Amino acid sequence: MSTLKVYNTLTRQKEEFKSITPGLVGMYVCGPTVSGESHLGHARPYITFDIVYRYLQYLGYKVRYVRNITDAGHFEEEGREAEDKISKKAVLEKLEPMELVQKYTNLFHWAMKQFNTIEPSIEPTATGHIVEQIVMIEKIITDGYAYEANGSVYFDVEKYNADFSKKGLPYGMLSGRVLDDQLDTTRDLDNQEEKRNKQDFALWKKAPPEHIMRWASPWGEGFPGWHIECSAMSTKYLGDQFDIHGGGMDLQFPHHECEIAQSAVCNDKLAATYWIHNNMITINGRKMGKSYNNVIKLSELFSGDHPILEQAYSPMTVRFFILQTHYRSTLDFGNDALQASEKGLKRLWEAHEALQKMKAAEDEFDPEKIDAELDNKVVTLLAEFDEFMNDDLNTAKVLASMFEIVPVINSIKDKHILPSLLSRETFVVMQSKMKLFVEDIFGLKSELQGDYTKLEGVLQVLIELRKQAKAKKDYATSDIIRKQLMELGIALKDEKDGNISYSFV
RNA sequence: GGUCCUGUGACCGAGUGGCUAGGUAGAGCUCUGCAAAAGCUUCCACAGCGGUUCGAAUCCGCUCGGGACCUCCA
């Protein structure tokens, strides 16, 4: 069996995945900043790494998956009003900062549940780890790689780079940036005069009087810088060195680069072995993001309540949409594309459900009747599930293979072909493997909510009435039943054997 | 300006130098009381120009276009 290969941003190539401790994997993924509602772009990393999490478990690893909640309010360096993002919005909305944080955390959790993502093993908050962050900053100062200025603390990038380049941990190793190239590219930023060099970044920020979120520290009242929380929490829960660090590509620099530097000073190690980054979701070819003013919030997506949305799109449609593209490619949002996904998902899901309902009774199979070509084809397609996932988690290719199996399933269901064209073993493997990949690894699920037993009973009554009408060639009655149910979103289908099935549209 | 990515058919997209990606949409056929679904068949591609090669969507160069990061950002 082939082994998992993942693209490591650090080395710019696909590498065989080997965990530091056999059988165990530590994975840290940068979580949301809960100062606002999550949008479609945010869905991508969490769904991507949900797949990574599920797949690693399928491979037999015990995974500790840590995903933080950034609720401490990162300092906004850009712009005139140097105010904390969270405190700023809190004033606008007349809410307590923590009330706001709670609201958006709840919304985030709600959205993640809609997407059927598995909760991380640990979901630490930045505000819950102020002490750890302060300890880390103190260590960096003691070692001489940070300095205090006017109640704030900055990381000395130049000094770090000079010393740690020798250890193979230069600043810029992840993003491929060379420090010297950047000297004249940084714009004027707030409190620039406090820094020794423009590229230095804040570890601790002095809180201005209007800033509500503040904590006591050795340097006065303030709040942590933007990058230190991830270093502090990943170290605390995953150790000095862990296996996978994930996040969006836009976090590569400066966020992850700074994490590497901070952890290198404190732990004398490269924080993570594999750095995995998902690409962006775009809209009209442009990255979806606050700064571009082109976001579609998840709640809007699910309700269809947004000017550019032609309809609502269900969480599973969105999940499927994301899985149809390789995680390192950009994915362009559009109504056409989402509608295509919606239909594709329906086709896949219905075939999958039909397959699971089939019984592999012994007497349906006969070694004499096997169509070797078809059997081989199915066996190959099923083997490709693992092969493609092992090749840097190529969910798009796995889906393509699944869609090649769909006609086989439907043909058996509609009795175009006999199940006995496949060997019993192939049939059974097909059933279990489709279930495993569709549900357990890709995390797709039925979107029907609640208890449908009573409705199903009612439907059976109507179906029976329609059958009787059809038998009497009373097509007026049979058509009315079908038409009115259709208006309710229930499609009746006359099967070949005279039975009538239904599906929810 | 610096660093990097990218340009595939109506739309979204996969593609390791030679083999049908796949989904959706379109066309035809089969099944069917009609329909839906399904099955079968089918149309529409690799931005442009040059080069390497027996052979390039895939490698190299140039041109044009799009984008990301360099600043909070998934």
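Values below: every heavy atom of this structure, side chains too, minus hydrogens, waters and symmetry copies. Residue numbers start from 1 in every chain, and the chains themselves are labelled A, B, ... in the order their sequence lines are given, proteins ahead of strands. As the structure is a prediction and not an experimental result, all values here were calculated from the model.
Taking the side-chain hydrogen bond (donor to acceptor under 3.5 Å, both in side chains) definition, one finds that A/K433 meets it with A/D386, sequence neighbours left out. By the salt bridge (charged side-chain N to carboxylate O under 4.0 Å, His left out) test, A/E439 pairs with A/K435, sequence neighbours left out. Applying the salt bridge (charged side-chain N to carboxylate O under 4.0 Å, His left out) criterion to A/D250, with sequence neighbours excluded, gives A/K287.
The pair A/K467-A/D494 does not meet the salt-bridge criterion, since no charged nitrogen lies less than 4.0 angstrom from a carboxylate oxygen. Under 4.0 Å is where a charged nitrogen must lie from a carboxylate oxygen, and between A/K493 and A/E350 at least one such pair does. Between A/K5 and A/D391 no salt bridge is recorded (no basic side-chain N to carboxylate O distance below 4.0 Å). A salt bridge does not link A/E353 to A/K357: none of the charged side-chain nitrogens sits closer than 4.0 Å to a carboxylate oxygen.
Rounded to a whole Å, the CZ atom of A/R12 is 9 Å from the P atom of B/C4. Taking atom OH on A/Y171 and atom P on B/C69, their separation rounds to 16 Å, with Å as the unit. Rounded to an integer number of Å, the gap from A/L381 CG to B/A21 P is 15 Å. Rounded to whole Å, the distance from CE on A/M288 to P on B/G66 is 20 Å. For the pair A/H39 NE2 and B/C72 P, the interatomic distance rounds to 16 Å; values are reported in whole Å. Atom NE2 of A/H245 is separated from atom C1' of B/A74 by 12 Å (rounded to the nearest Å). Going from atom CD1 of A/I283 over to atom P of B/A68 covers 13 Å, rounded to whole Å. Between the NZ atom of A/K297 and the P atom of B/A74 there is a distance of 14 Å, rounded to whole Å.
The C1' atoms of B/U42 and B/U20 are separated by 13 Å, rounded to the nearest whole Å. Rounded to whole Å, the P atom of B/U24 lies 9 Å from the corresponding atom of B/G39. Taking atom P in both B/A38 and B/A25, the straight-line distance is 9 Å, to the nearest Å. Here the separation of B/G23 from B/G15, taken at their C1' atoms, is 15 Å to the nearest Å. The separation of B/C44 from B/G33, taken at their C1' atoms, amounts to 36 Å, rounded to a whole angstrom. Separating the P atom of B/C54 from that of B/C62 is a span of 24 Å, rounded to the nearest Å. One P atom belongs to B/G13, the other to B/G17, and the distance between them is 23 Å to the nearest Å. Spacing between B/A57 and B/U52 at atom P, rounded to whole Å, works out to 16 Å.
Side-chain atoms of A/T117 never come within 3.5 Å of backbone atoms of A/D50 as a donor-acceptor pair (strictly under, hydrogens ignored). Side chain of A/D414 to main chain of A/H416: no donor-acceptor pair is present (N/O by atom type, distance under 3.5 Å, no hydrogens or angles). Looking only at distances, a side-chain donor or acceptor of A/Q133 sits under 3.5 Å from a matching main-chain atom of A/H129.
Residue A/G289 is classed as having no contact, given no heavy-atom separation below 4.0 Å to the nucleic acid.
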### Base-contact (B) and sugar-phosphate-only (S) positions in nucleotides 5-19 of chain B, heavy-atom cut-off under 4.0 Å, - elsewhere
------SSSSS----
### Annotated protein contacts, base or backbone, on nucleotides 28-39 of chain B with a non-hydrogen cut-off under 4.0 Å, one of B, S, - each
---S-BBBBSSS
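Closest heavy-atom contact between A/D392 and A/H326: O-NE2, 2.8 Å.
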#### Entry: Structure string for RNA chain B in dot-bracket form, Watson-Crick and G-U at under 3.5 Å, | interchain
(((((((..(((.....[...))).(((((.......)))))....(((((..]....))))))))))))....
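Side chain A/K287 to base B/C73: a donor-acceptor pair is found below 3.5 Å.
Between A/Y46 and A/F108, a ring centre-to-centre spacing shorter than 6.0 Å is recorded.
Counted by atom type alone, A/E15 and A/Y7 present zero donor-acceptor pairs between their side chains at under 3.5 Å.
Annotation: of the two residues near RNA chain B, A/Y292 and A/G176, the 5′-most nearest-nucleotide partner is A/G176. When each of A/D250 and A/F403 is assigned the nucleotide of RNA chain B with its nearest heavy atom, A/F403 is the one assigned upstream, toward the 5' end.
The phosphate of B/C70 (OP1 or OP2) has no side-chain N or O of A/R177 nearer than 4.0 angstrom.
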